[in-house]
There are 2 protein chains.
Amino acid sequence: MTSTPTSQFDAIATLEDAGLRITGQRRQVVAAIERKGGGFTAEDIAAELEGVGRATVYRTLKLLVEADLICKLALPDGTPMYSASRVEHHHHSVCTSCGAIEEFRDTTVERVLRSLTREIEGEIVGHRMEVFIRCRKCLDSPSG
Amino acid sequence: MTSTPTSQFDAIATLEDAGLRITGQRRQVVAAIERKGGGFTAEDIAAELEGVGRATVYRTLKLLVEADLICKLALPDGTPMYSASRVEHHHHSVCTSCGAIEEFRDTTVERVLRSLTREIEGEIVGHRMEVFIRCRKCLDSPSG
DNA sequence: CTTTTAAATGATACTAACTATCATTAAACT
DNA sequence: AGTTTAATGATAGTTAGTATCATTTAAAAG
């Protein structure tokens with residue numbers, strides 16, 4: 001038995017707990033996200049689910065981001081990508097060659113933020129950190 | 001005599017050194033950026049410089065980003081912002097209330113990246129970090 | 001200085017990633 | 001089953017850019 005990284009039922013249950021209606025479309029979006037390995041775009045999902053309107057896809061992704069069930073991040077040029085969340089308080093590595101997105105968890109990032117509390121005027125309410133990489137697969141490929 | 005944080009002549013000289021032509025439009029975009037305090041959008045610049053075409057504004061901003069003379073960053077919702085660079089290897093704090101953007105320099109961030117070298121599969125080629133805050137001015141204002 | 005030439009510009013149209021509107025549909029509570 | 005109100009989808013609009021290409025102009029050459 002393998003682990004269930006992001007269970008559809010978790011996501012659906014979380015939406016339900018938030019007082020939202022569980023519609024067929026929302027189930028389909030959640031299921032489509034689970035089928036994706038790394039990152040994906042909103043248009044990926046919209047193209048895959050022809051029976052679900054584009055507006056609904058965007059609305060559902062926004063709900064999932066707000067519920068911390070998925071993350072919205074950006075490539076170096078600003079192109080938005082989404083990624084299913086597996087662990088809390090993580091950050092992302094993004095391969096600039098193949099677009100693969102991985103989560104990583106590093107407590108030192110949290111330590112940096114605490115040290116910034118002394119350095120930054122004002123109250124820290126959030127942060128974003130992305131590390132851009134050339135992943136092992138791309139480095140090992142013939143085009144190296 | 002006050003310091004010249006980002007001198008127009010620096011930016012123009014850098015573009016010139018890169019073998020680019022120094023046009024009136026590029027001078028105007030650089031001058032407009034210098035007049036801005038914190039962050040700004042491409043449309044801010046385009047609206048301010050009616051004599052310069054929108055496409056040229058976007059093209060020039062891209063050149064300046066590539067030359068590390070300005071940074072492109074994003075608000076929590078992904079809205080892109082630009083900010084003139086004053087120091088190297090810095091990161092940004094963005095006030096989620098008033099949009100003020102400040103640079104900060106923290107060597108611990110660089111230390112985190114070095115520690116990630118051991119944790120992340122692949123080669124780190126870049127990173128982005130933004131800290132979202134409520135700035136002192138907004139915290140101190142009546143609406144607190 | 002004038003000529004040359006290739007880079008830069010601006011107008012226009014286009015794309016990507018959303019967001020607003022609003023009539024219609026359907027969860028889910030009773 | 002009936003009611004209510006959230007959710008949907010079609011459409012149009014917005015924001016942030018990019019592509020095309022005829023025209024202009026910086027700057028190198030003569």
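Here is how names work: the chains are called A, B, and so on, in the same order as the sequence lines, proteins then strands, and each is numbered from 1.
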(message) Counting the atoms with a prime plus P, OP1 and OP2 as sugar-phosphate, which does A:G19 contact under 4.0 Å by heavy atoms, base, sugar-phosphate, or nothing?
(response) nothing
(request) Answer yes or no: does a side-chain N or O of A:Q25 lie under 4.0 Å from OP1 or OP2 of D:dG9? (result) yes
(message) Just the rounded figure in Å: distance from C1' of C:dG10 to CD of B:E50.
(response) 15 Å
(request) Could you state the atom-to-atom distance from CG of B:D77 to C1' of C:dC18 in whole Å? (result) 11 Å
(message) If I take atom NZ in residue B:K72 and atom P in nucleotide D:dT15, what distance separates them, rounded to the nearest angstrom?
(response) 16 Å
(request) Output every pair passing ring-ring contact (aromatic ring centres under 6.0 Å, His included) with a member in residues 111-139 of chain B, not counting sequence neighbours, ordered by first then second residue. (result) B:H91-B:H127
(message) Reading DNA chain D from 5' onward, which residue's closest nucleotide shows up sooner: A:G51 or B:A55?
(response) A:G51
(request) Using only side-chain N and O atoms of B:K62, determine if any of them is under 4.0 Å from OP1 or OP2 of D:dT18. (result) yes
(request) Record whether the side chain of B:R54 comes under 3.5 Å of the base of C:dG10 through a donor-acceptor pair of N or O atoms. (result) no
(request) Let me know the distance between CZ of B:R21 and P of D:dT24, rounded to the nearest Å. (result) 16 Å
(message) In whole Å, I'd like the distance from the CG atom of A:L63 to the C1' atom of D:dT8.
(response) 13 Å
(request) Please report, rounded to the nearest Å, how far the C1' atom of D:dA16 is from the CG atom of B:D44. (result) 13 Å
(request) Kindly say if B:T23 contacts the phosphate of C:dT9, meaning a side-chain N or O under 4.0 Å from OP1 or OP2. (result) yes
(request) Answer with base, sugar-phosphate or nothing: what part of the nucleic acid does A:R26 contact at a heavy-atom distance below 4.0 Å? (result) sugar-phosphate
(message) Check this one for me: any side-chain N or O of B:Y82 less than 4.0 Å away from OP1 or OP2 of D:dG17?
(response) yes
(request) Would you mind reading off the distance between B:R59 atom CZ and C:dG10 atom P, rounded to a whole angstrom? (result) 8 Å
(request) Answer whether the closest heavy-atom distance between the side chains of A:L61 and A:I33 falls below 4.5 Å. (result) yes
(message) Within the 4.0 Å heavy-atom criterion, would you say B:T79 contacts the bases, only the backbone, or no part of the nucleic acid?
(response) sugar-phosphate
(message) Both B:I22 and B:T41 contact DNA chain D. Taking the nearest nucleotide for each, which residue is further toward the 5' end?
(response) B:T41
(request) Using a 4.5 Å cut-off on heavy atoms from C-beta on, say whether the side chain of B:Y82 contacts that of B:D44. (result) no
(message) Could you check whether any side-chain heavy atom of A:L15 comes within less than 4.5 Å of a side-chain heavy atom of A:L64, counting everything from C-beta outward?
(response) yes
(request) Report yes if a side-chain nitrogen or oxygen of A:T56 is closer than 4.0 Å to either non-bridging phosphate oxygen (OP1 or OP2) of D:dG9; otherwise report no. (result) yes
(request) Among C:dC18, D:dG17, D:dT4, find the nucleotide with the atom closest to the side chain of B:P80. (result) D:dG17
(request) Using atom CD of A:E43 as one end and atom P of C:dT19 as the other, report the distance to the nearest whole Å. (result) 12 Å
(request) Before accepting this row, confirm whether a basic side-chain N of the pair B:E121/A:K137 lies closer than 4.0 Å to the acidic partner's carboxylate O. (result) no
